[in-house]
There are 2 protein chains.
Amino acid sequence: MPQSQRQIEERQLRKERILSGALQVFKKHGIDGATMDEIANESGFGKATLYYYFKSKEDVLTAILLDGWLKIWESLEPVIAQQHSPRKTFVNVLIKIAENAQKRPGLFEFLFNVPKVVKIEKQPWKEYQDRLYSVIKGLIEDGVKSGEFPNINPNHMFKALGGLFMGLVFMGDREEPVTDKDVEKLLNQLITDPTLPTN
Amino acid sequence: MPQSQRQIEERQLRKERILSGALQVFKKHGIDGATMDEIANESGFGKATLYYYFKSKEDVLTAILLDGWLKIWESLEPVIAQQHSPRKTFVNVLIKIAENAQKRPGLFEFLFNVPKVVKIEKQPWKEYQDRLYSVIKGLIEDGVKSGEFPNINPNHMFKALGGLFMGLVFMGDREEPVTDKDVEKLLNQLITDPTLPTN
DNA sequence: CTAATTTTCGAATGTACATTCGATAAAATA
DNA sequence: TATTTTATCGAATGTACATTCGAAAATTAG
């Protein structure tokens, strides 16, 4: 009954080990292609042990996603709280996401691609994903309203940025973190800031 | 032995019926989630009959994709052959793709999203997909070189356009075909034509 | 009309997992 | 140390399909 602190921590560590192995397998074979056998091997436990820590395969997947989105969201909250102009906040948000992606390579690419594949409703991680998306959309809308962004359909801009940003963060072979210069450049390529003269 | 023409045609028709049912099921449940049972129901044949026309489930999927990409490519060839400026050709290519998408709604969205999910090498349809992608990338590169497009990394532009264009073609509730006006607008939103003055 | 062929299909087969069992070991507790 | 709790795991179970069988309609050919 006492459940020592160390015990709890080690238990958590073991869960993370499993999650980390599972992520590799998911990325290698896709969600449906991944087997519990391989996840067990990859993470160094017996197959049955996985079920000691997680209720099901789906539960493992959900844990990965919830964990990831939660971490993104938490890292973003302070950035959003700062009261800067939409454009500035926007840049900071993108930088922060890029930072996250750099810190745990692989996880975030998975995070941003999985939604296309998973169907089931009521995924707890969706809440955080939705929050992030509406913040970004809100920033774009505000930027358009205040004239900081050109008058483009926010939905379109969102989509364009999605593709562009993913390209920058995930496809680059670079090791260096994405800087605000990078993001500014990206933004300037995508949308010419109407308050600046075109060179 | 004679195999009358009608016989051959009807056979072809039946194959298409199966493919069409299969597409619905694939879109509804995803590739792995789709069962041969449901495809059989949906297309109005007995399960075993599917195997009279197709070697396997994967074969059904491949047929859908090969068919789709081939049709896109064929419709695009004349457009590409015309010797216009990169920007003009580019617009025409996008319009043509949008036309295709409008003609067979559902198929093309599937076509453009599936690659992210399928792994196996040597997919025959990949050849056409690759051709299309390199044509588009080539047009962008030419446009940048000739100064018709601003000096953006072609890879970035490709990705941004991907997101944007898919948004325009697939997400719109619109019934009307996508016009060259639409595409031009899209292009102008994405990249300010450097030869024109910014308003 | 009779034989060959093409087409159709439900039921049987086989397999690849996800999940559970039942037992054991290791660690914590008293 | 004795006992309880926690952790581990390979083998057994069950199930959901993909694929094949074997037989029978339906159609075509002679």
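Below, chains carry the letters A, B, ... as their sequence lines are ordered, and counting in each starts from 1.
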Between [atom2] on [N] and [atom1] on [X], what's the gap in Å once rounded to a whole number?
X	N	atom1	atom2	value
A:Leu61	C:dA18	CG	C1'	15 Å
B:Glu58	D:dC17	CD	P	18 Å
A:His29	C:dC17	NE2	C1'	14 Å
A:Asn41	D:dC9	CG	P	11 Å
B:Asp32	C:dA18	CG	C1'	15 Å
A:Lys57	C:dT20	NZ	C1'	17 Å
B:Met36	C:dC9	CE	P	14 Å
B:Phe45	C:dG10	CZ	P	13 Å

Would B:Phe112 and B:Trp69 count as a close aromatic pair, with their ring centres under 6.0 Å?
yes
Using the ring centroid of each side chain, check whether A:Tyr52 and A:Phe45 are separated by less than 6.0 Å. no
Give me the atom names and distance for the closest heavy-atom approach of [X] to [Y].
X	Y	value
B:Glu58	B:Gln123	OE2-NE2, 4.5 Å
A:Leu139	A:Pro86	O-CB, 3.8 Å
A:Ile64	A:Leu111	O-CD1, 4.4 Å

Handout entry: Sub-4.5 Å side-chain heavy-atom contact between B:Lys57 and B:Phe26
Key = yes
(Q) Quick one, A:Glu16 and A:Leu13 - any side-chain contact, counting heavy atoms below 4.5 Å? (A) yes
Under a 4.0 Å heavy-atom cutoff, the residues of residues 46-54 of chain A touching DNA chain C are A:Lys47, A:Ala48, A:Tyr51
What residues 9-23 of chain A contributes to the DNA chain C interface at heavy-atom separation below 4.0 Å is none
One should read off an interatomic distance between B:Arg104 CZ and B:Leu23 CG, to the nearest 0.5 angstrom, of 9.0 Å
Is it the case that more than 12 heavy atoms not belonging to A:Arg131 sit under 6.0 Å from its CZ atom? yes
Whichever of A:Gly33 and A:Lys55 has the more 5' nearest nucleotide on DNA chain C, that residue is A:Gly33
